[in-house]
Each structure stands twice: as C-alpha cells, then as structure tokens.
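Keep in mind that this is a model prediction, so the values were computed, not measured. Below, read A as the first sequence line, B as the second, and so on, with proteins coming before strands; counting in each chain starts at 1.
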There are 2 protein chains.
Amino acid sequence: MTTVLIADDQPLQRFGFRMLLESQDDMTVVGEAADGAEATRMTAQLRPDVVLMDVRMPGLDGIAATRRIVADGGPSRVLILTTFDLDEYAYSGLRAGASGFLVKDAQPEELLSGIRAVATGDAVVAPSLTRRLLDAYVHHLPATAEPAGSADSPDPRLSPLTERETEILRVMGQGWTNTEIAERFHLAESTVKTHVGRILAKTGSRDRVQAVILAYETKLVG
Amino acid sequence: MTTVLIADDQPLQRFGFRMLLESQDDMTVVGEAADGAEATRMTAQLRPDVVLMDVRMPGLDGIAATRRIVADGGPSRVLILTTFDLDEYAYSGLRAGASGFLVKDAQPEELLSGIRAVATGDAVVAPSLTRRLLDAYVHHLPATAEPAGSADSPDPRLSPLTERETEILRVMGQGWTNTEIAERFHLAESTVKTHVGRILAKTGSRDRVQAVILAYETKLVG
DNA sequence: GCCACCGTAGTACCCGGGTACGACACCCCT
DNA sequence: AGGGGTGTCGTACCCGGGTACTACGGTGGC
C-alpha cells in the first residue's frame with residue numbers, strides 16, 4: 001500500500017486528488033496540507049511514501065518545502081505538480097531533490113502511474129518537459145572553452161530569476177500592484193520594489209508592463 | 001435533480017468536480033467538455049441545468065462559450081470558474097451572460113451552494129469579487145436614480161472598443177509607453193491618455209498592466 | 001572563517017501613468 | 001438641422017512605479 005500526502009492550497013484540487021487516489025486499491029491518502037510549512041510538518045510526522053506537492057502555495061512554496069523534506073532525510077519522495085510547464089520550476093524542483101515532475105493537465109492515469117513510479121524509487125518527468133529540460137541542461141555545460149576572460153562574468157542579465165523573483169513576476173503577470181503583492185505576501189512594499197527592480201534588470205524590461213509581456217511570452221503565465 | 005455539464009480542459013480538475021458533485025444526491029453530472037466548442041455543442045444537446053465553465057480553455061474560451069450558450073436561448077445557466085479573481089474575467093463573464101462567478105480556491109461547500117443558487121435562477125459572485133465589482137459599477141452611475149429607467153442604459157463598460165482603441169491596446173500590449181505611442185502615431189500625448197483612459201474604463205482594467213493582460217488573454221496580442 | 005548570494009527593509013527622489021475636467025471638429029444618421 | 005459617436009487636444013492634479021543608494025541577517029560553498 002502506497003501512502004500519499006497531498007499538499008495543495010486549493011481545497012477542490014485536494015478533493016479531486018483524494019478521490020482519484022482512494023479509488024485505487026494500492027494507494028491511500030494519509031493527510032492533506034494547504035501550504036508548504038504544513039506539508040513539511042506533516043511529512044515529518046506521517047512519513048508518507050509520496051508527497052504530492054503543488055508548486056504554488058502561500059507562504060512556503062512547493063519548491064522550498066521539497067528542499068526541506070529532502071534535507072530532513074526521511075523516506076518520503078516528492079512528486080511535484082505544476083499548472084504550467086515552466087522550465088524554472090522543473091529545474092529548481094529537481095535541484096531541490098524532487099523525484100518527479102508532472103503538469104496538472106495530465107491524464108489521471110499518468111498521475112497514478114507517476115505516483116507508483118516515484119514510490120518505487122524511479123524518477124518521472126512530464127513528457128512535455130523532458131525536451132526542454134535536456135536542452136537547458138546541456139546549455140549550462142562548460143562548453144569546453146569560455147571566452148577565456150573573467151572566470152565569472154557577472155552580467156546580471158544572464159543570471160536566471162531566483163525563486164522569489166519568479167514568484168513575484170508571476171503575480172505581476174496577474175495584474176497585482178506592488179501594494180497588493182506586499183500585502184498578500186506579507187512583505188514591505190520596499191522589498192517588493194527591490195524584487196521588481198531586480199526582475200526588470202535581469203529581464204531587460206523597461207517597466208512592469210514589458211515584464212508582464214515577457215511573462216506571457218515565456219508561458220510563465222497565460 | 002440538478003443536471004450539470006463540466007467544461008474544463010484539465011482532466012484532473014474535471015475528475016475532482018465530478019466526484020464532488022456526484023457525492024451530492026441532488027446533483028448529477030451529465031457530461032464533460034474539454035474546450036469551449038465542445039461545451040457549447042454538448043450544452044445544446046444535453047440541455048443541462050448548469051454549465052460549470054472554466055474561463056481559460058484552449059480554442060474557444062469560457063467567456064466566448066458562455067456568450068454562445070446564452071445566445072442560443074436554451075435553459076442552461078452558466079457558472080464561471082476562474083483560478084484568479086481578475087476583474088476582467090468577471091466583467092466580460094457577466095457581460096457574456098453568465099449567472100455566476102466563483103474562484104477555484106473556494107471551499108467545496110461554496111461551489112455546491114453556488115451551483116444550487118444558479119440552478120434556481122439566482123446569481124452568485126465570489127465574495128472576493130463582489131466588492132470590486134460593486135465599486136466599479138456604482139462608480140459610473142448618475143448617483144440619482146437609475147434602476148427602472150431606460151431600457152438600454154449606455155454603460156460605457158458594455159460597449160466594445162473602437163478601432164482606434166483596439167489599435168492602441170495592441171501596441172500597449174507590445175510595451176509601448178504613452179509617449180512612444182504619441183510619437184509613432186503622430187498624436188499628442190494627451191490624446192493617447194484619453195484613449196488609454198477609455199480603454200481602461202471599457203475593459204474594467206485598473207491600469208495598463210491589466211489591460212495588457214486582457215490583450216493577451218483575448219489573443220489581441222501574443 | 002570568509003565570501004557570495006538571497007531575501008528582507010529602508011529613505012529619497014523623479015517621472016510617467018491615470019483621473020477629472022472641458023473643448024472642438026468630423027462623420028453619419030434621422 | 002440636430003444628435004450621437006469618434007477622434008483629437010488641452011490643463012491640472014495625485015499617486016504609484018521605478019531608480020539609486022544603503023544595510024543586515026541567513027545560508028551555502030570553498
């Protein structure tokens with residue numbers, strides 16, 4: 001019997017997962033968590049075989065929660081679910097130690113077989129992600145010879161967005177103002193401005209409008 | 001018995017909805033659609049009491065599908081579900097003739113009572129939206145006495161964008177500033193501001209960021 | 001132990017965006 | 001001859017967004 005913990009901030013989504021999993025006679029849902037903090041806590045306590053983790057959750061997000069769970073060294077493996085097949089998520093998710101990565105628009109059968117694969121120690125990645133994941137990986141290889149210059153050319157444009165920045169860019173793409181972001185993320189507005197400023201610098205955007213456009217073009221939102 | 005058609009492009013989401021609804025003894029799911037076209041077709045054929053409609057779907061989106069369903073004059077009422085409580089969706093959804101509007105992070109109980117309300121002819125709007133919706137509405141009223149009045153109240157938000165406005169919204173969606181738009185269109189900046197202001201009013205957008213988002217969602221750009 | 005990076009927060013400043021007005025010319029329709 | 005819709009332009013005002021700094025605690029790598 002495979003024990004599963006569901007971590008998702010949307011009650012309806014949790015309900016759907018629970019019903020699907022409980023309909024299988026080799027799986028059982030041992031708990032539900034609504035945010036990352038709760039997920040780590042319940043994982044430590046319940047030690048499920050698999051944690052079904054949504055990336056986007058209030059407070060501690062799925063990636064950070066995965067990092068902690070893996071760091072705890074328990075037996076639980078993490079299968080991350082995303083709504084959008086975004087490269088950054090896949091990359092940071094796998095770096096965080098997740099055993100799998102699926103998009104939410106998968107068929108129920110794919111999800112079930114994914115859970116079984118992860119439970120037995122295998123890794124699973126959504127087919128739509130595999131290609132780009134590989135591309136992104138080889139892209140970061142030494143390539144045998146950098147232009148020789150400085151060991152690390154610190155062009156801020158080339159460094160990827162951090163998790164926090166990606167998170168904020170996403171809600172910028174939903175039309176949130178700095179004030180709203182500050183409120184709903186429990187941050188000072190000055191902090192939000194700092195993040196937004198760095199996002200603009202890194203993405204080469206002139207203002208938040210162009211950043212939002214970028215978010216749409218790269219399928220971060222939309 | 002309330003008959004429901006589920007229109008959502010995500011199989012897992014449909015599964016969750018189906019399980020939730022079927023657990024109620026006064027509801028039954030008569031069909032599932034994965035896009036807007038399928039939703040309109042199945043609605044015409046099955047004539048469900050309520051169509052549970054996701055806004056964002058490939059091809060014909062939920063708003064457009066709602067418009068067609070309402071235009072068809074059948075008995076079905078549409079309850080729209082969104083992931084994010086964006087004003088644009090609410091406005092265009094209600095303009096399209098939807099009977100209700102809920103966000104997906106609602107409690108299951110809220111969704112069920114919402115379906116029952118819509119089925120009996122009532123309207124339902126997510127609490128988080130009601131406030132802003134009312135604010136935006138009363139803001140444009142004559143403030144004296146409106147209701148009972150003219151058969152066609154010329155609410156500016158109900159009229160479509162003019163050609164010029166559409167043209168300008170498109171370049172707004174490419175990240176142009178007001179100054180740039182004025183230069184390249186050979187207009188005064190004040191004129192551009194006038195157009196932008198009217199675009200915001202008509203689309204129910206708070207600022208140009210939300211207008212750009214709308215442009216992307218409606219495939220005006222992107 | 002040190003250093004780089006990240007996330008947090010603050011202050012001060014400037015400017016573009018948005019609002020609230022009013023105004024005029026053109027076109028099309030009745 | 002009027003009237004509604006559209007496109008144009010203007011002024012005045014306020015505020016949120018963006019910039020330019022500085023700063024500090026935590027964490028992870030070397």
Next item on the list: Ignoring backbone atoms, test whether R164(A) places a side-chain nitrogen or oxygen under 4.0 Å from the OP1 or OP2 oxygen of dT8(C).
Entry: yes
Next item on the list: Give the intermediate values and the outcome of side chain to side chain contact (heavy atoms under 4.5 Å, CB included) for residues I69(B) and M53(B).
Entry: CA-CA 11 Å; I69(B) 288 173; M53(B) 180 84 74; 3.7 Å; yes
Margin query: In whole Å, I'd like the distance from the CD1 atom of I181(A) to the P atom of dG16(D).
Written below: 14 Å
Next item on the list: Give the rounded distance in Å between these two atoms: CD of E180(A) and P of dG16(D).
Entry: 11 Å
Check: To the nearest Å, how far apart are L169(B) CG and dG7(D) P?
Finding: 14 Å
Margin query: Taking any heavy-atom pair under 4.0 Å as a contact, classify T177(B): base, sugar-phosphate, or nothing.
Written below: sugar-phosphate
Checklist line | P48(A) backbone acceptor or donor facing S76(A) side chain under 3.5 Å | finding: yes
Check: What's the closest nucleotide to the T179(A) side chain, out of dT19(C), dG17(D), dT8(D)?
Finding: dG17(D)
Margin query: Without decimals, in angstroms, what is the distance between W176(B) CH2 and dG16(C) P?
Written below: 18 Å
Checklist line | OP1 or OP2 of dG18(D) under 4.0 Å from side-chain N/O of R206(A) | finding: no
Next item on the list: With salt bridge (Lys or Arg N to Asp or Glu O under 4.0 Å) as the test, would you mind laying out the steps for R170(B) and E165(B) before giving the verdict?
Entry: CA-CA 8 Å; R170(B) 190 177 298 113; E165(B) 287 159 0; over 6 Å; no
Check: Is the backbone N or O of T177(A) less than 3.5 Å from a side-chain atom of E180(A), with the two atoms forming a donor-acceptor pair by type?
Finding: yes
Next item on the list: Check the side chains of T3(A) and D49(A) for a donor-acceptor pair under 3.5 angstrom, ignoring hydrogens and angles.
Entry: yes
Next item on the list: Output yes when at least one side-chain N/O atom of H195(B) is less than 4.0 Å from OP1 or OP2 of dG7(D), else no.
Entry: no
Margin query: Among dA9(C), dG10(D), dG7(C), which nucleotide has an atom closest to any side-chain atom of E165(A)?
Written below: dG7(C)
Note to self: Any side-chain to backbone donor/acceptor pair from T191(A) onto L187(A)? Under 3.5 Å, distance only.
What the structure shows: no
Check: Rounded to the nearest Å, what distance is computed from the CD1 atom of residue I199(A) to the P atom of nucleotide dG17(D)?
Finding: 13 Å
Margin query: Report for the helix from dG1(C)-dC30(D) to dT30(C)-dA1(D): angle between first-end and last-end helix axes, five pairs each, rounded to 10 degrees.
Written below: 50°
Next item on the list: Would you tell me if any nitrogen or oxygen in the side chain of T191(A) comes within less than 4.0 Å of OP1 or OP2 on dA9(C)?
Entry: yes
Check: Can you tell me how far C1' of dT19(C) sits from CG of L200(B), to the nearest Å?
Finding: 10 Å
Note to self: Output the rounded distance in Å from CZ (R198(B)) to P (dG22(C)).
What the structure shows: 14 Å
Check: Are the side chain of R206(B) and the backbone of G175(A) linked by a donor-acceptor contact shorter than 3.5 Å?
Finding: yes
Check: Considering heavy-atom distances to DNA chain D, does N178(A) or E189(B) have its closest nucleotide positioned more toward the 5' end?
Finding: E189(B)
Notebook entry, point to check: Taking atom C1' of dG10(C) as reference, at what distance in whole Å does atom NZ of K193(A) sit?
Noted result: 12 Å
